[in-house]
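The structure under discussion appears below in the form of structure tokens.
What you see below is based on every heavy atom in this structure, not just the backbone, and it leaves out hydrogens, waters and symmetry mates. Numbers here simply count residues along the sequence, with the first being 1.
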Amino acid sequence: MSVFNLTPSDSSTFILMGIPGLEAAHIWISIPFAMFYIVGLLGNFTVLFVVGKEKTLHKPMYLLLCMLAFTEIITSTSVVPKALFIFWFNLKGITVAGCLTQMFFLHTGSMMHSAVLVTMAFDRYVAICNPLRYATILSNARIAKLGLVGLIRTILFILPLPLLLSRQPFCANHIIPHTFCDHMAVAKMSCGDITVNRTYGLVMAFIVIGLDLTLVALSYGLIIRAVLRMNSKEAHQKALNTCTAHIGVMLMSYPSFFFSTLTYRFGQGIAPHIHIILANLYLLLPPMLDPVIYGVKTKELRDKVGKYTCRR
């Protein structure tokens with residue numbers, strides 16, 4: 001990509017090693033990788049198809065589910081096909097421009113995923129705390145605007161990562177011990193000073209994700225306060241049931257994100273292959289399980305998916 005303004009010395013190829021130390025098991029490791037990826041694609045495309053076809057599902061909550069599905073497709077697709085080519089065909093080479101492009105889409109998908117989860121928390125807050133004004137506060141147009149704001153925020157924060165790296169001189173050793181071009185994995189290939197890259201990546205991740213988690217916590221604090229004020233135990237249960245799917249998705253996403261981010265910078269005691277496998281699972285499990293969680297917990301969506309499944 002010419003936008004990254006690569007210098008002549010950067011025009012060579014990086015080598016993605018896959019999972020160092022487990023090369024003999026790459027074929028076996030590729031089986032769950034491929035299965036998780038295919039199941040994730042089927043689940044997320046099913047959500048997009050069903051919501052798109054059913055006009056009764058053209059509501060804010062289901063539009064948010066579509067945004068979540070779209071970000072998960074982008075995130076997993078930016079990484080898994082290349083990893084499978086490494087495992088199956090030993091095709092480890094990737095151009096520097098290709099590597100930076102993969103990095104951009106990977107981190108864009110991850111941060112956009114967080115933005116959608118924040119919007120979902122706000123959606124649950126309005127649904128429980130202001131149910132009579134829900135349709136007024138959260139129209140489809142407003143959800144679309146919130147999604148656009150999240151996308152603009154994501155691009156503004158993520159674009160400097162590849163731009164900063166494109167100006168770095170890379171050493172003769174272009175071997176990246178990973179299955180994909182993670183920001184810090186590529187930065188460590190540089191012969192120059194990567195203090196700015198390291199600091200920006202860490203601060204950006206914790207400020208943005210920290211802000212998102214603060215907004216989520218605020219939403220759920222207000223939800224809990226509203227639930228405690230309800231007199232009926234049945235109303236308590238009904239209100240909390242509307243949040244269980246969202247809470248389950250967050251518990252899969254945020255802890256694994258922080259673990260992956262911290263161990264790459266500070267987890268020198270963790271075996272590299274363990275870190276790489278966990279980093280890949282962070283990108284594989286949420287796209288596979290999120291559609292299942294929402295399909296099980298959301299009766300309206302479950303019924304519509306069942307209608308199309310039975311028809312076929």
Side-chain angles (χ1 to χ4, degrees), residues 13-47 68-69 71-96 98-107 109-110 113 173-189 248-249 251-293 295-296:
T13 301
F14 284 138
I15 304 297
L16 290 168
M17 293 302 295
I19 306 178
L22 297 179
E23 288 87 353
H26 272 179
I27 291 294
W28 295 107
I29 294 171
S30 72
I31 296 173
F33 269 52
M35 289 177 58
F36 292 170
Y37 177 60
I38 292 169
V39 171
L41 285 183
L42 287 174
N44 285 297
F45 274 119
T46 298
V47 170
L68 192 70
T71 63
E72 289 176 344
I73 290 170
I74 289 176
T75 304
S76 58
T77 301
S78 68
V79 168
V80 180
K82 178 58 181 176
L84 292 177
F85 276 117
I86 295 170
F87 295 153
W88 290 340
F89 309 114
N90 205 34
L91 296 176
K92 300 180 178 181
I94 184 170
T95 64
V96 177
C99 191
L100 296 180
T101 302
Q102 183 190 57
M103 180 201 308
F104 173 77
F105 282 105
L106 165 64
H107 292 302
S110 297
H113 188 272
N173 178 17
H174 281 194
I175 297 175
I176 301 176
H178 215 306
T179 56
F180 57 85
C181 292
D182 179 80
H183 171 243
M184 281 310 302
V186 179
K188 289 179 179 179
M189 296 298 101
V249 169
L251 289 177
M252 273 199 305
S253 300
Y254 285 121
S256 56
F257 167 80
F258 281 113
F259 179 82
S260 180
T261 301
L262 289 172
T263 53
Y264 208 94
R265 290 168 170 83
F266 309 114
Q268 286 79 11
I270 299 175
H273 64 275
I274 297 296
H275 166 74
I276 293 168
I277 290 173
L278 291 176
N280 279 276
L281 288 178
Y282 159 66
L283 300 173
L284 284 167
L285 289 180
M288 180 181 68
L289 295 178
D290 288 356
V292 176
I293 292 173
V296 169

List, one per line, each side-chain donor-acceptor pair under 3.5 Å for residues 16-40, sequence neighbours excluded.
from : atom 1 : to  : atom 2 : distance (Å)
E23  : OE1    : G21 : N      : 2.9
E23  : OE2    : G21 : N      : 3.4
H26  : NE2    : I19 : N      : 3.1
S30  : OG     : I27 : O      : 2.5
S30  : OG     : W88 : NE1    : 2.8
Y37  : OH     : T77 : OG1    : 3.0

For a quick test of reading the model, state the closest non-hydrogen atom pair linking [X] to [Y] and the distance between them.
X: L68; Y: T71; value: O-OG1, 2.8 Å
X: V47; Y: P291; value: CG2-CB, 4.2 Å
X: S76; Y: P81; value: O-CD, 3.8 Å
X: M103; Y: D182; value: CE-O, 4.5 Å
X: Q102; Y: K82; value: NE2-CB, 3.9 Å
X: C99; Y: I176; value: SG-CD1, 4.2 Å

Could you list the residues that satisfy side-chain hydrogen bond (donor to acceptor under 3.5 Å, both in side chains) with [X], not counting sequence neighbours?
X: T179; answer: N280
X: H113; answer: E72
X: D290; answer: none

Heavy-atom side-chain contact between [X] and [Y] under 4.5 Å:
X: T75; Y: L106; answer: yes
X: N44; Y: P287; answer: yes
X: I277; Y: L281; answer: yes
X: V80; Y: L283; answer: no

Subject >> Test ring-ring contact (aromatic ring centres under 6.0 Å, His included) applied to F180 - qualifying residues, sequence neighbours left out >> reply: H178
**OP:** Quick one: pull up OG1 in T13 and CD1 in I94 and give me the separation to the nearest 0.5 Å.
**Re:** 9.5 Å
Subject >> Reported CD1-to-CG distance for the pair I15 and L91, which is rounded to 0.5 angstrom >> reply: 10.5 Å
